[in-house]
Structure formats: structure tokens, C-alpha cells
Undergrad: 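Supplied in C-alpha cells, the structure appears directly below.
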Amino acid sequence: MNLQTLPGLFISHGSPMLALNPEQVGPALQRLGFNLPKPQAIVVMSAHWESQSLEVSTATRPETWHDFRGFPQELYEMRYPAAGNPQFAEEILHLFAEAHIPAHANSTRPRDHGVWMPLLHMYPDADIPVVEISLPMNMAADEIYKIGQILAPLREKQILLIGSGSITHNLRELSWDGENKAVPEWASAFRNYVVSKLNHANFDAVLEWDSIPHMQRNHPTLEHFAPLFFAMGTGHRFSIVHSSFSMGALGMDIYRFD
């Protein structure tokens with residue numbers, strides 16, 4: 001079989017309403033799924049699986065988890081029934097063991113919306129096995145980056161690696177009433193700073209996240225930014241797949257690492 005090398009991706013998955021109201025990013029994800037060679041499997045690190053130590057889902061068919069409240073009933077009826085792949089998950093655990101990174105199997109974790117929501121647009125047939133890995137919040141940025149580096153060779157086996165988070169994520173600052181609010185300067189300046197550093201291959205400046213201007217206002221907590229560190233580890237060549245803002249200050253960028 002002639003396998004093609006896939007990129008690593010950072011996907012801003014936005015509000016759960018992305019599933020019902022795709023805005024600009026839904027079609028961008030759809031095009032991405034159409035244009036890439038079909039993956040043999042997908043590995044996702046999601047902002048919504050925070051853990052003490054690194055975990056890997058070994059579930060055969062994880063439940064679709066609606067890990068949010070207060071949204072339309074239609075959203076809670078959605079399912080993303082893609083299979084897991086316990087054998088492949090064990091291979092991932094072996095890669096971590098070889099790299100001396102402690103990691104644990106988790107066979108019961110359901111699939112959170114940071115995984116299924118973007119994949120709903122990219123691969124609506126749900127016919128590609130998906131393995132989720134956790135976001136170890138006790139790890140430093142360069143250690144999360146190293147997780148991406150360890151899994152990067154899987155790209156040559158037609159495995160798609162995704163960090164699912166958000167380039168900006170301050171829910172208190174958003175315009176929830178649906179108005180097209182202007183993008184605040186602190187959000188656009190933050191996003192532009194990160195993109196500038198990635199464009200110039202200055203990954204260290206992004207990994208030193210606490211020095212990024214407006215960091216605290218864009219990310220009061222780190223979990224939606226940290227999947228970017230993972231994606232950065234998967235490839236050296238950065239490019240922008242999509243860039244937009246939703247609800248004013250919610251960045252919906254998609255980045256590619258080859």
C-alpha cells in the first residue's frame with residue numbers, strides 16, 4: 001500500500017454551536033477533509049480531556065459525549081460513531097514508553113466535543129478510526145511539544161494528528177447574542193503575534209507562552225492553547241488553512257504543520 005504523508009493540524013473548534021451553525025470554519029474543515037488523502041486513523045489531543053498524566057483512549061467504540069449545557073436539544077441528539085482502535089492505541093502507548101514518557105490506557109472515556117465536532121465537518125461519514133489522547137496539564141509547554149514530536153513519524157503512515165483547542169478562548173468576552181461584533185485589538189494582536197512567530201519558525205517564542213502579549217486576556221486558562229504545542233511538534237513547516245473570528249473575540253484559526 002502506498003501511504004502518503006499527512007500533516008499535523010491545529011484546529012480551533014469554537015463553540016459547540018459549530019455543529020449546527022458552521023459559519024466560515026465548517027466549510028474550511030470540509031474542504032480540508034476533502035483535499036487531504038484519506039487517513040488510516042486520526043489521533044486527537046483535545047482541550048476537553050485534561051488529565052494529571054498522559055492517557056490514551058483504548059475504547060473500541062467511545063460514546064459521543066455532549067460535555068456542555070444550555071444548548072439546543074438538536075445538538076444533544078448528534079452522534080459521531082467512528083470506531084476507536086485499541087490495537088493502534090497500544091502502539092501509541094508503546095511509542096511513549098520508548099520515549100520514557102509515562103502514559104496510561106483508558107478504555108472508558110467518552111469522546112468529547114473537541115474531537116467529534118471538527119471531525120463531523122471533516123469526515124461526516126465517521127468511517128475513520130479515531131484515538132483520543134489526553135492533555136496532561138502538569139506538563140510544561142515543551143513537554144507537550146515533545147508528545148507531538150514522538151507521534152510525528154505516524155504522519156508517514158497516513159495517520160492524521162490533530163491538536164483541538166482555540167487560538168483565543170475567553171468565553172466571558174464573547175458576544176453570545178449572535179451579533180457580528182468587531183474583533184477586539186487584544187484578540188487580533190495576540191493571534192497575529194503567534195502567527196508571526198510560527199511563520200518565522202520561532203516555535204520557542206510560542207512555547208514561552210507566558211511572555212506572549214495579551215496572553216491572560218485571551219486564555220484565562222491554558223487548556224485551549226496547549227493543543228497548539230502538540231500540533232507544533234508534529235511538523236516544522238507552518239501554514240494557515242483558515243483564519244476568522246466568531247462572536248467577536250473567539251479565534252477560529254486552523255493551522256497546518258508539514
Side-chain angles (χ1 to χ4, degrees), residues 8-11 13-16 18-19 39-71 73-139 143-144 146-148 150-151 154 157 159-166 169 221-227 229-231 233-234:
L9 299 174
F10 173 71
I11 295 175
H13 61 250
S15 153
L18 177 67
Q40 298 288 309
I42 302 168
V43 179
V44 185
M45 175 185 278
S46 167
H48 295 282
W49 186 4
E50 295 178 73
S51 61
Q52 290 301 310
S53 57
L54 183 58
E55 297 186 40
V56 178
S57 171
T58 55
T60 303
R61 194 168 287 275
E63 291 290 325
T64 302
W65 188 15
H66 303 86
D67 51 329
F68 41 76
R69 289 186 290 178
F71 289 91
Q73 182 58 33
E74 187 183 353
L75 199 53
Y76 297 94
E77 293 167 3
M78 288 186 165
R79 296 290 180 273
Y80 192 76
N85 189 327
Q87 185 177 349
F88 177 46
E90 289 294 340
E91 290 178 31
I92 293 172
L93 285 162
H94 180 69
L95 288 174
F96 291 143
E98 283 188 325
H100 306 291
I101 292 182
H104 309 282
N106 185 323
S107 63
T108 60
R109 167 96 183 173
R111 187 172 282 153
D112 61 70
H113 76 275
V115 179
W116 63 261
M117 214 175 350
L119 294 183
L120 199 65
H121 295 284
M122 291 181 75
Y123 302 108
D125 294 337
D127 58 350
I128 302 167
V130 180
V131 172
E132 184 174 4
I133 65 175
S134 73
L135 173 59
M137 290 308 291
N138 62 338
M139 283 191 176
E143 293 175 303
I144 297 172
K146 186 180 178 184
I147 294 172
I150 291 164
L151 298 190
L154 295 175
K157 300 179 179 181
I159 306 297
L160 184 61
L161 305 176
I162 298 174
S164 177
S166 196
H169 193 264
T221 54
L222 194 60
E223 78 283 346
H224 276 77
F225 195 54
F229 308 149
F230 168 73
T234 65

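Note that the structure is a prediction, hence the values are computed from the model and not measured. FYI, side chains are in, hydrogens and waters are out, and symmetry mates aren't considered; it's all heavy atoms of this structure.
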Undergrad: Test of understanding: with ring-ring contact (aromatic ring centres under 6.0 Å, His included), list the residues that count as partners of Phe230, not counting sequence neighbours.
TA: none
Undergrad: Return all side-chain donor-acceptor pairs below 3.5 angstrom for residues 115-127, not counting sequence neighbours, or 'none' if the list is empty.
TA:
{"residue": "Trp116", "atom": "NE1", "partner": "Trp65", "partner atom": "O", "Å": "3.0"}
{"residue": "His121", "atom": "NE2", "partner": "Leu18", "partner atom": "O", "Å": "3.1"}
{"residue": "Asp127", "atom": "OD2", "partner": "Lys38", "partner atom": "NZ", "Å": "2.7"}

Undergrad: Which heavy atom of Ala82 sits nearest to which heavy atom of Pro62, and what is that distance?
TA: O-CD, 4.3 Å
Undergrad: Mind checking what makes side-chain contact (heavy atoms from CB on, under 4.5 Å) contact with Gln52, not counting sequence neighbours?
TA: none
Undergrad: Can you name the closest pair of heavy atoms from Ala231 and Gly163 and give their distance?
TA: CB-N, 4.5 Å
Undergrad: Just jot down the side-chain contact (heavy atoms from CB on, under 4.5 Å) partners of Ala105, sequence neighbours excluded, or say none.
TA: Thr58, Leu93
Undergrad: Just jot down the side-chain hydrogen bond (donor to acceptor under 3.5 Å, both in side chains) partners of Thr221, sequence neighbours excluded, or say none.
TA: Glu223
Undergrad: Quick one: pull up CG in Leu135 and CZ in Phe229 and give me the separation to the nearest 0.5 Å.
TA: 9.5 Å
Undergrad: Using atom types as modelled, flag every donor-acceptor pair under 3.5 Å from a side chain in residues 41-50 to any protein atom, sequence neighbours excluded.
TA:
{"residue": "Ser46", "atom": "OG", "partner": "His48", "partner atom": "N", "Å": "3.0"}
{"residue": "Ser46", "atom": "OG", "partner": "Asp112", "partner atom": "OD1", "Å": "2.7"}
{"residue": "His48", "atom": "NE2", "partner": "His13", "partner atom": "NE2", "Å": "3.1"}
{"residue": "His48", "atom": "NE2", "partner": "His113", "partner atom": "NE2", "Å": "3.3"}
{"residue": "His48", "atom": "NE2", "partner": "His224", "partner atom": "NE2", "Å": "3.3"}

Undergrad: What's the shortest heavy-atom distance between Gly114 and Ser164, and which atoms?
TA: O-OG, 2.5 Å
Undergrad: Looking at Ser57 and Glu132, would you say the former's side chain and the latter's main chain have a donor-acceptor pair under 3.5 Å?
TA: no
Undergrad: In the structure I gave you, are the side-chain heavy atoms of Thr234 and Leu151 within less than 4.5 Å of one another anywhere?
TA: no
Undergrad: Output yes when a side-chain donor or acceptor of Arg109 lies under 3.5 Å from a complementary backbone atom of Glu55, and no otherwise.
TA: no
Undergrad: Could you list the residues that satisfy side-chain hydrogen bond (donor to acceptor under 3.5 Å, both in side chains) with Ser134, not counting sequence neighbours?
TA: Ser51
Undergrad: Roughly how far, to the nearest 0.5 Å, is the CE atom of Met137 from the CD1 atom of Ile144?
TA: 6.5 Å
Undergrad: Taking only residues at least two apart or on different chains, which pairs with a member in residues 77-86 satisfy side chain to side chain donor-acceptor pair (under 3.5 Å)?
TA: His66-Arg79
Undergrad: With the side chain counted from C-beta on, respond yes when Met78 and Thr64 share a heavy-atom pair under 4.5 Å apart, and no when they do not.
TA: no
Undergrad: Give me the atom names and distance for the closest heavy-atom approach of Pro129 to Gly84.
TA: CB-O, 4.0 Å
Undergrad: As an exercise, state the distance from CD of Gln40 to CG of Leu160, rounded to the nearest 0.5 Å.
TA: 12.0 Å
Undergrad: What pairs meet the salt bridge (Lys or Arg N to Asp or Glu O under 4.0 Å) rule with one or both residues in residues 86-103, with sequence neighbours excluded?
TA: none
Undergrad: I'd like to check the side-chain hydrogen bond (donor to acceptor under 3.5 Å, both in side chains) partners of Gln87; sequence neighbours left out, ordered by chain and number.
TA: none
Undergrad: Could you measure the distance from the CD1 atom of Ile147 to the CG atom of Leu54? Nearest 0.5 Å is fine.
TA: 4.5 Å
Undergrad: If you look at every heavy atom in Phe96 and Ala103, which pair is closest and at what distance?
TA: CD1-CB, 3.8 Å
Undergrad: I need the Ile162 CD1 to Ile11 CD1 distance, nearest 0.5 Å.
TA: 4.0 Å
